[in-house]
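Predicted model only: the values in this text are computed from it and were never measured.
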Amino acid sequence: KTTLHATEEYAKIASDAGLTPSELAIGFVRSREFVKKNGSVIVGATTMDQLKENLAPFVNDVALDEEVLARINEVHLKCKDPCCCL
């Protein structure tokens, strides 16, 4: 699958979970064990609204359930290296 198709699928997963795509992405990164134990999540924004959206998963402690994580992994398996195909 192409990167653009994967992006659409990730956006659908986020929508189904009641999240924005950036909230889904941050929630996913925070769900990784190596980040929980020893890492951090770096967020950036160019507007105050983007910053608020990017900080929401920390304030609201977004936790992705197993179904959402499985759907994310399914998309990843279809498009493992997004820089190689649009």
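- By the rule that hydrophobic residues join a cluster once side-chain heavy atoms approach within less than 4.5 Å of another member, F34 and V43 end up as members of one cluster.
- In this structure, the side-chain contact (heavy atoms from CB on, under 4.5 Å) partners of K80, at least two apart in sequence or on a different chain, are H76, L77.
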D61 vs R30, side chain to side chain contact (heavy atoms under 4.5 Å, CB included): CA-CA, chis, key distance, verdict: CA-CA 10 Å; D61 197 24; R30 293 185 73 212; 3.9 Å; yes
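- Across all their heavy atoms, S31 and K36 have their closest contact at O-CE, 3.6 Å.
- Between atom CG of residue N38 and atom CD of residue E33 there is a gap of 9.5 Å, rounded to the nearest 0.5 Å.
- Clustering of Ile, Leu, Val, Met, Phe, Trp and Tyr side chains at separations under 4.5 Å places L69 together with Y10, I13, L19, L24, F28, V62, L64, V68, I72, V75.
- Linking Ile, Leu, Val, Met, Phe, Trp and Tyr residues whenever their side-chain heavy atoms come within less than 4.5 Å places L55 and M48 in a single cluster.
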Please step through side chain to side chain contact (heavy atoms under 4.5 Å, CB included) for the pair K12 and E8, ending with a clear verdict. CA-CA 6 Å; K12 172 82 168 103; E8 291 170 0; over 6 Å; no
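- Rounding to the nearest 0.5 Å places CG of N54 at 7.5 Å from OG1 of T20.
- Panel note: side chain S15, backbone A11; no donor-acceptor pair is recorded below 3.5 Å.
- A distance of 6.5 Å separates NE2 of H5 from NZ of K78, quoted to the nearest 0.5 Å.
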